[in-house]
Amino acid sequence: MTAEPVIDAQDTLAPAVPPTVRASLSPSRAADFKTCPLLYRFRSIDRLPERPTVEQARGTLVHAVLERLFDLPAAARTPESAGDLVTPQWDRLVTEQPELAGLFAEGDDAGAAEFLRSATALLEGYFAVEDPRRLEPAEREALISAVVDDELLIRGYLDRLDVAPDGALRVVDYKTGGAPREAFEARALFQLKFYALVLWRTRGVVPRVLRLLYLKDAEVCDYTPDAEELLRFERTVVALWQAIEQATRRQDFRPRPSRLCDWCSHQALCPTFGGTPPPFPVTAPADPLRDSRSQPATPGADE
């Protein structure tokens, strides 16, 4: 494999990988290529900056609160306690990612306050579908990884992993947007199947449930994979990476217009909108297991 892979900067915390591994792929970058090859290029090869949106920031904040909620004793995991975490977690995120402070104009206290209220409302949706006092997650915001096809490392951060007394696994993903139509739900399930494949390859257990929690609508979507399906999915992931390699060798990443274009940050550079992509980067060979982006991907960024 020759193409330069892209992983989250957070992945530098990952354990050592076998020396045969030459490439890496995350579910977010894989989904980018499936959605629009040119979007993959802009994010993964050109590494173009993207301003965070209010929706992404809200998703990041809600994920942070739900992660910290399980640090509390079970009896204290109440809606009130979650609401109390919103402001301090936002302050922490702004300190760690100063660009988030630019979401609101200076002096726009009303806008900032409404933003925090909207995050609290999503947390109410969470409590409508789960009682965290009855849960003890095995892992939260956990980095998991596995090698497939001998050379490709697949990895990413899952929101939550629950382990039942009998060893059964449940992968839980929080979604702060509304429950989607079938096409968009397939994108969310692609991400969870990615995690399920990693868990199956590393732990020898096919997760019993892949669960999507749609907080805005207080809806739950459960999916049960099986080993045969994950084997087919593994072949799909390898084929997807081979397509990425081929596009990189040819320097040919074409746009794939869809309704998702309405939310794209790079319309000015996209031929679909009359733009011209920048020259294809010519750089020295990079470490194939490291992403040189300055900022890690944030939870909720793909909501």
Side-chain angles (χ1 to χ4, degrees), residues 1-50 141-158 171 187 189-204 229-256 266 277-299 301-302:
M1 295 188 174
T2 58
E4 179 185 348
V6 171
I7 61 176
D8 293 336
Q10 294 163 310
D11 290 353
T12 56
L13 300 176
V17 297
T20 57
V21 170
R22 299 173 56 197
S24 178
L25 188 65
S26 71
S28 295
R29 299 292 73 82
D32 283 346
F33 188 82
K34 281 169 57 70
T35 299
C36 175
L38 186 59
L39 175 64
Y40 174 91
R41 183 201 145 170
F42 285 156
R43 285 178 168 172
S44 303
I45 296 177
D46 297 293
R47 315 268 175 92
L48 299 180
E50 296 182 9
E141 292 299 331
L143 172 63
I144 57 174
S145 63
V147 176
V148 297
D149 197 38
D150 295 327
E151 293 183 332
L152 178 62
L153 185 74
I154 58 173
R155 55 182 169 181
Y157 281 82
L158 50 80
V171 180
R187 177 185 171 99
L189 283 174
F190 177 88
Q191 180 182 10
L192 290 187
K193 289 179 183 178
F194 209 98
Y195 299 147
L197 174 59
V198 172
L199 292 169
W200 180 43
R201 285 305 188 198
T202 56
R203 308 188 188 192
E229 179 182 14
L230 293 183
L231 188 59
R232 292 195 302 268
F233 184 77
E234 182 177 61
R235 291 195 290 264
T236 296
V237 170
V238 172
L240 183 65
W241 180 254
Q242 291 170 345
I244 292 172
E245 284 192 300
Q246 184 179 70
T248 303
R249 285 194 299 268
R250 296 177 176 177
Q251 300 185 9
D252 184 11
F253 290 85
R254 301 183 184 184
R256 184 176 297 150
H266 308 297
F280 201 86
V282 179
T283 59
D287 178 353
L289 299 179
R290 189 179 181 89
D291 183 352
S292 64
R293 284 177 297 162
S294 61
Q295 293 293 338
T298 55
D302 61 346

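Just so you know, these numbers come straight off a predicted model, no measurement behind them.
Across all non-hydrogen atoms, the minimal contact from Ser145 to Leu153 is CB-CD1, 4.1 Å. Between Leu38 and Pro277 the shortest heavy-atom distance is CD1-CG, 4.3 Å. When all heavy atoms of Phe190 and Pro27 are compared, the closest pair comes out as CE2-O, 4.0 Å. In terms of heavy atoms, Leu240 sits closest to Ala30 at CD2-CB, 3.5 Å.
Atom-to-atom distance recorded for Phe194:CZ and Ser28:OG is 9.0 Å, nearest 0.5 angstrom. Distance check: Asp32 CG to Ser26 OG gives 7.5 Å after rounding to the nearest 0.5 Å. In this structure, the separation between OG on Ser24 and CG on Leu152 is 7.0 Å, given to the nearest 0.5 Å. For the atom pair OH (Tyr157) and CD1 (Ile144), the distance works out to 11.0 Å, reported to the nearest 0.5 Å. Atom CG of residue Leu230 and atom CZ of residue Arg235 lie 11.0 Å apart, to the nearest 0.5 angstrom. Distance check, rounded to the nearest 0.5 Å: NZ of Lys34 to CD1 of Ile244 gives 11.0 Å.
Checked by atom type and distance alone, the side chain of Thr202 never pairs as donor or acceptor with a backbone atom of Ala146 at under 3.5 Å. Without hydrogens or angle criteria, Arg256 side chain to Leu39 main chain gives no donor-acceptor distance under 3.5 Å. Panel note: side chain Arg47, backbone Ser44; a donor-acceptor pair is recorded below 3.5 Å.
The one candidate from Leu158, Leu197, Val171 that meets the side-chain contact (heavy atoms from CB on, under 4.5 Å) condition with Leu192 is Val171.
Between Arg41 and Pro278 the shortest side-chain heavy-atom distance falls below 4.5 Å. A 4.5 Å side-chain heavy-atom check between Trp241 and Val238 finds every atom pair outside the cut-off.
Note: Tyr40 and Phe253 have parallel aromatic rings, judged against thresholds of 30 and 60 degrees for the angle between ring planes.
Annotation: Arg250, atom CZ; neighbour count of heavy atoms from other residues, nucleotides and ligands within 6.0 Å does not exceed 12.
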Kindly indicate, with the supporting measurements, whether the criterion side chain to side chain contact (heavy atoms under 4.5 Å, CB included) is fulfilled by Glu50 and Phe42. CA-CA 10 Å; Glu50 296 182 9; Phe42 285 156; 5.9 Å; no
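Considering only residues two or more places apart in sequence or on other chains, Tyr195 meets the ring pair (Phe, Tyr, Trp, His ring centres under 6.0 Å) condition with none of them.
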